Amino acid sequence: MHFELDLRFARQKWELTVALPGSNVDASTLDALLDAFRSEYGRRYGEGALVAGATVELVGLRAIGVGATSKPRSLNAVRAEASRDRTGHPSRSRPVLVERGGVRASVAVHDADDLRPGDRVRGPALVDGHDTTVWIPPGATLDVDEQRSLVMEVV
Amino acid sequence: MVAPQQLDPITLEVLRTRLDAISEEAAGAIERTAISPVVTESKDYSSTILDADGNLITGGGRIEYHFGAAMNAVRATIARHGPTIAAGDVFLANDPHNGGGLHAQDVMVQRPVFVGERRVAWVVNSAHLMDMGGMVMGSWAPAATECYQEAIRFPPVRLFRAGIEEVDTWSIFRNNVRLSALVEMDLRALVAGCHVADEKLVEVVAGMGADEFAAAVRALCDAGERELRRRIGEIEDGEYRVTTWTEWGEELYAVPCTLTVDGDRFVFDFTGASPQAPHFFNSKPFIIESELVADVCSLLAQDLPFSSGLFRPFEVRCPARSIVNSEPPAPVASAHMDAAFCAATVGAQCVMLALAASPAATGREHLSGPSGTSALATHTWSCMVDGRFDGWAMLDGCLPAPSAGHDRDGNDLFAFLVGRQGVVELIDVEILESWYPLLVSEKKPRPGAFGAGRYRSGAGCQMSYRPYGTDALYGVMLAMRERLPLVGMAGGFPGATTEFRIRRADGSEELVDGHAMNVLVRDGDEFEFRCASGGGWGDPLDRDPAAVARDVALGRLSDAEAEETYGVVPDRAGRAANSDTEARRDGIRRDRLARARPARVTVDADGVAAVSVDGASIPLYPGVVQRGPYAFAEESGTVLAIAPGEWLDGCPVLEQQVITGGFRLCIESYLDPVTGRTLAVDVRPAGSDRTFTSSPRRWSSVA
């Protein structure tokens, strides 16, 4: 178990967090905390940002415990079916400028929705997701794990 | 020197976004370390990154107007301190007459960035500080007649020399400002932002090399300039004129602008501006330019990075010793507000006139009447709380509403219809009440039939509050547009004007003069301000009756206003679109024509018919088109003028005079001679000339 304090100069809206050495607070700890706060403030914002004699407010005290917890089990894991190499079976293709200064080449495009756990795609290829596009460079290999996460090995 | 071809577009764009991120990180440091709500809530601050010579690269934070002012600040600092500028120096300037900010309260904190021995960039941080000394709390003194009375005036001086605090400068500062402990925290926040940006910039420049950095920054600014020039090239060459006035009670000070569009450049000429005056609204050319360029770029180049490249196609001419180019001892506490915002507004209106006559131009989708910036209702307070002096500026007064656009109503509580940011942001009511001794009774979009049009203006802030935890508040009022409202466009009507009032504890109510000092609000009294607005777009009689009914339902319009202004007469079932409304609207249009004075010029229409059939129509103004040498009212096909005559002279004019005290306001509606629709509505002080003229060369020089 250890403690952290959220400190700021009076009337500021944002705090800096400073660790409490040990678990007791007395006058000497307070001085050390103020020193720690001013030193962290100076590190982030420069010594010139410090106002001499300005009041410091304590706005939060946090206790943090560390221990082992039981791990959650994923409910939607899908066992990988027989590993399929999807390279050469794209959803479509489109021209991509692979080398700077080169010419556009036709590159295989896989819809993320079509990829299933266990699937593998070798680059160059693209994966079109709903929220992102993943570029698989030449030589790289992309595997779909049982959470449908895309795991890429780039050589 | 690095050849530009070595800098590919991807490297440049990555650098640009890194610099943007650095300026936003510095802005974040300012907001995290400052304490006044004017910074943390209203966001009246900025962080600007410039090259080694003080040319704008990019800026973060909310106040885009600071970015141009930062260029002026750095150039002044270099001119004064040139060879002695060293790593770890931090400079302060606040005097608009001498390297300072938009006004004395907007201090400019400047830090040169060095990599080794070489100066590679500057960071300039600015924020509105609550007080800079002078004769009143907040340093906005309506009674000041000289800048010497307004505030302590720092030319460029050092706050730090090679990293060591210049104790003397700080002592002078603390000794001259009210609430110095509070104001010092906000000033230190600007220093903090400089530190954060400096560290990151050094990393970037050292990583890529100072020569490469300089070449890349030049390439970025050049690219912006090229694209803006291309867009200006799409705009019809010609002259476009708009005039307005800044007010001081019933005194008016002219701010006329003539825009010449000449190929790929703009010349804004303010010849005819009133001589500098012993009131706090005198301004400076760098301030006019900062605001004008930012506002015009919001219309034409919102998608382009805002850099010094965008300033290059602009030439701004401000006559010497006028309110747009004053010299000491002219007071300048509002150097960025009254006259300057009027200047930026008429400049942007000139661009709107030019866009309205340019069928192929970028920016036509932003066609609208003027923004609300020239209509602020700022005010400041001071008081005693628990035996201690306190004070602040109410920046919620800076929430007027803009005019309507060509396809939409104006928005509420925000000065711009089009733009990257507001003048300031709304202050959270709880934060305001926790900081200051007041209790807010009401804060809402102001109701009323102002800014009427097919699309109506937005509504400015209406807010009332009472002293709470103090016996009395002492106020200074800083109103703009108390008497002369903003115009609309395309036949829309003028906006609302600014009002301050006090409801006394005994039930009486009094209006407060817009430049009053020592306004006393006691415990039990309630103070209220109502922000102004821009104007409408198009004839109000063409507004969708359902939209009028919605405004009635929301309490923005009364039934009587809906009928009088919009001709909407709901039927028994409450439907607004019905035959009574149609009849009422027809009646109002006929009545307008019956009451209007005849057109100044009647065009002999013989021989025009053939042209009207065959010629291509090119817009001159919304609702008015040019075919060959003729200007037609688009709806009725009536010929209004033969080139180079003014089409407005071919319109019957309905004049309305509004008299308040000794001030006479003239509202003129220029009508389609056949349909009675308003094509344009002008508003001006009685006795002055029409306030706008549009002369695209295509029209003025047609054979």
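Every chain is numbered from 1 and lettered A, B, ... according to where its sequence line falls, protein lines coming before strand lines. Nothing here was measured: the structure is a model prediction, and the numbers come from that model.
B:Tyr468 OH: 12 or fewer foreign heavy atoms inside a 6.0 Å radius. Heavy-atom neighbours of A:Asn24 CG from other residues, nucleotides or ligands within 6.0 Å: at or below the threshold of 12. Sparse packing is recorded around CD1 of B:Ile164, with 12 or fewer heavy atoms of other residues, nucleotides or ligands lying under 6.0 Å away. Counting non-hydrogen atoms of other residues, nucleotides and ligands closer than 6.0 Å to CH2 of A:Trp14 gives a total of 12 or fewer. No more than 12 heavy-atom neighbours from other residues, nucleotides or ligands sit within 6.0 angstrom of CG on B:Asp386. More than 12 heavy atoms of other residues, nucleotides or ligands lie within 6.0 Å of CZ in B:Arg119, so this atom counts as buried by the packing criterion.
The minimum heavy-atom distance linking A:Gly42 with B:His195 is given by the pair O-NE2, 4.4 Å. Residues B:Arg188 and A:Gly48 come closest through the heavy atom pair NH1-O, 2.9 Å.
When each of B:Thr33, B:Asp198, B:Ile10 is scored by its heavy-atom pairs under 4.5 Å with chain A, the top score falls to B:Thr33.
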Requested in this report: Would you please test B:Glu31 and A:Lys13 for salt bridge (Lys or Arg N to Asp or Glu O under 4.0 Å) and show each step?
Outcome: CA-CA 9 Å; B:Glu31 193 171 326; A:Lys13 275 175 74 177; 5.0 Å; no

Query raised in the report: Run the side chain to side chain contact (heavy atoms under 4.5 Å, CB included) check on A:Tyr45 and B:Arg32 step by step: do they pass?
Result: CA-CA 10 Å; A:Tyr45 302 120; B:Arg32 281 170 170 269; 3.7 Å; yes

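In this structure, chain A has no heavy atom under 4.5 Å from any part of B:Ala181. Neither the backbone nor the side chain of A:Arg8 comes within contact range of chain B; no heavy atom of the residue lies under 4.5 Å from a heavy atom of that chain. Heavy-atom distances place the backbone of A:Leu50, and not its side chain, under 4.5 Å from chain B. When heavy atoms are compared at a cutoff of 4.5 Å, B:Ala189 does not approach chain A at all. Contacts between B:Leu187 and chain A at a heavy-atom distance below 4.5 Å are absent for every atom of the residue.
A:Arg11 contributes no side-chain N or O that, together with a main-chain N or O of B:Ser36, makes up a donor-acceptor pair within less than 3.5 Å. Between the side chain of A:Gln12 and the backbone N or O of B:Ile35 there is no donor-acceptor pair closer than 3.5 Å.
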